[in-house]
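In what follows, a structure is listed as structure tokens, so that the remarks can point back to it.
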Amino acid sequence: MSNIVWKIKSFEELTTSELYEIIKARVDVFVVEQDCPYPDVDGYDRKALHLWAEQEDKTVLAYCRIFDKGIKYNETSIGRVLTSEKGRGKNLGKQLIQYAVETIENRFKTSEVRISAQDYLLKFYSYFGFEDTGKKYLEDNIPHTEMFRK
């Protein structure tokens, strides 16, 4: 898979085609694959930075939302993290989180990040310095743990 392009944009900078591909990827992964009907369009997209990798046909391969302090948590945060079926096995998830953390450090001048991680990804996030806060809960019937990176 060559010619992967990484993009980061505010909501206002997104084209309608980009927004469509982002929402399609989120629905494909979170609603269809994880069999989890939930309100994906939650009112936070306008407040987020959108970071994603796309292939030549503009299909989203990896994606996340990045928030400044005080939007989702007191600290900065990363959410809606996904790697699409076409993007898996290419280390795009690792690149995505690395770019997200670098974006937070560069734009928001902090390394403190709070996330809500699906439990099967705890080890993955710990690789980037995220630690289990002990706060565990079900979100849309999927076990989650709040994690924090100092």
Side-chain angles (χ1 to χ4, degrees), residues 1-130 139-142 144-149:
M1 180 161 298
S2 60
N3 299 329
I4 293 172
V5 176
W6 285 91
K7 294 185 176 183
I8 186 164
K9 293 186 177 187
S10 68
F11 183 81
E12 291 76 21
E13 294 170 320
L14 294 171
T15 67
T16 41
S17 293
E18 288 169 337
L19 181 59
Y20 173 85
E21 291 298 332
I22 286 167
I23 292 172
K24 181 180 183 317
R26 291 185 344 200
V27 169
D28 286 349
V29 171
F30 299 125
V31 178
V32 178
E33 283 184 27
Q34 295 184 354
D35 191 24
C36 183
Y38 79 106
D40 179 60
V41 180
D42 61 359
Y44 284 103
D45 286 319
R46 286 185 173 92
K47 299 174 183 178
L49 285 175
H50 301 267
L51 171 64
W52 74 99
E54 67 182 28
Q55 58 187 22
E56 288 179 61
D57 68 358
K58 307 301 182 196
T59 301
V60 172
L61 301 173
Y63 169 84
C64 72
R65 297 192 300 194
I66 302 169
F67 295 99
D68 200 354
K69 300 172 199 154
I71 297 174
K72 298 284 279 188
Y73 298 102
N74 290 332
E75 304 84 10
T76 61
S77 62
I78 302 167
R80 293 289 199 271
V81 177
L82 69 85
T83 303
S84 70
E85 190 174 3
K86 287 183 180 180
R88 293 182 192 141
K90 297 161 182 42
N91 284 318
L92 294 177
K94 287 182 179 176
Q95 288 178 44
L96 177 71
I97 298 303
Q98 187 61 49
Y99 291 158
V101 167
E102 288 172 7
T103 297
I104 286 169
E105 291 172 347
N106 292 324
R107 292 195 186 199
F108 303 131
K109 306 301 182 206
T110 184
S111 58
E112 292 187 344
V113 185
R114 193 169 299 273
I115 62 172
S116 175
Q118 291 185 5
D119 282 359
Y120 81 96
L121 291 168
L122 295 178
K123 184 177 178 184
F124 170 79
Y125 286 115
S126 68
Y127 175 82
F128 299 96
F130 287 92
E139 187 173 309
D140 302 312
N141 284 327
I142 297 172
H144 281 69
T145 299
E146 187 175 284
M147 298 185 85
F148 185 68
R149 180 181 188 272

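All values below were derived from every heavy atom in this structure, side-chain atoms included, with hydrogens, water molecules and symmetry-related copies excluded.
Within the model, atoms CD1 of I4 and CG of L61 stand 5.5 Å from one another, a figure rounded to the nearest 0.5 Å. Here the straight-line distance linking atom OH of Y125 with atom OG1 of T145 works out to 11.5 Å at 0.5 Å rounding.
Taking 4.5 Å as the limit, every side-chain heavy atom of R107 sits out of range of all side-chain heavy atoms of I66. Between S17 and K58, the closest side-chain pair of non-hydrogen atoms is not below 4.5 Å. Using a 4.5 Å heavy-atom cutoff, the side chains of L49 and F108 are in contact. The closest side-chain heavy-atom distance from E21 to E54 is not below 4.5 Å. In this structure, the side chains of V29 and Y63 stay at 4.5 Å or more apart for every pair of heavy atoms. Side chains of I97 and Y127 form no contact here, defined as non-hydrogen atoms less than 4.5 Å apart. Considering only heavy atoms from C-beta on, W6 comes within 4.5 Å of Q95 through its side chain.
In this structure, the side chain of S84 engages the main chain of V60 through a donor-acceptor pair within 3.5 Å.
Remark: R26 engages D45 in a salt bridge, criterion side-chain N to carboxylate O under 4.0 Å. In summary, R88 and E33 engage in a salt bridge, as defined by a charged side-chain N under 4.0 Å from a carboxylate O. We find that D40 and R80 are joined by a salt bridge, their nearest charged nitrogen and carboxylate oxygen being less than 4.0 Å apart. Under 4.0 Å is where a charged nitrogen must lie from a carboxylate oxygen, and between R149 and E105 at least one such pair does. Salt bridge R65/D42: present, at least one basic N to carboxylate O contact under 4.0 Å.
Crowding of N106 atom CG: a count of heavy atoms from other residues, nucleotides or ligands under 6.0 Å exceeding 12.
Under the side-chain contact (heavy atoms from CB on, under 4.5 Å) criterion, Y20 pairs with K24, sequence neighbours left out.
Ring geometry for H50 versus F11: interplanar angle of 30 to 60°, hence tilted.
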Let me have the donor-acceptor pairs involving side chains of residues 69-78, under 3.5 Å, with sequence neighbours excluded, atom names and distances please.
| residue | atom | partner | partner atom | Å |
| --- | --- | --- | --- | --- |
| E75 | OE1 | R114 | NE | 2.7 |
| E75 | OE2 | R114 | NH2 | 3.2 |
| T76 | OG1 | E112 | O | 2.6 |

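Contact record, A48 with F67: CB-CE2, 3.5 Å, taken as the closest heavy-atom pair.
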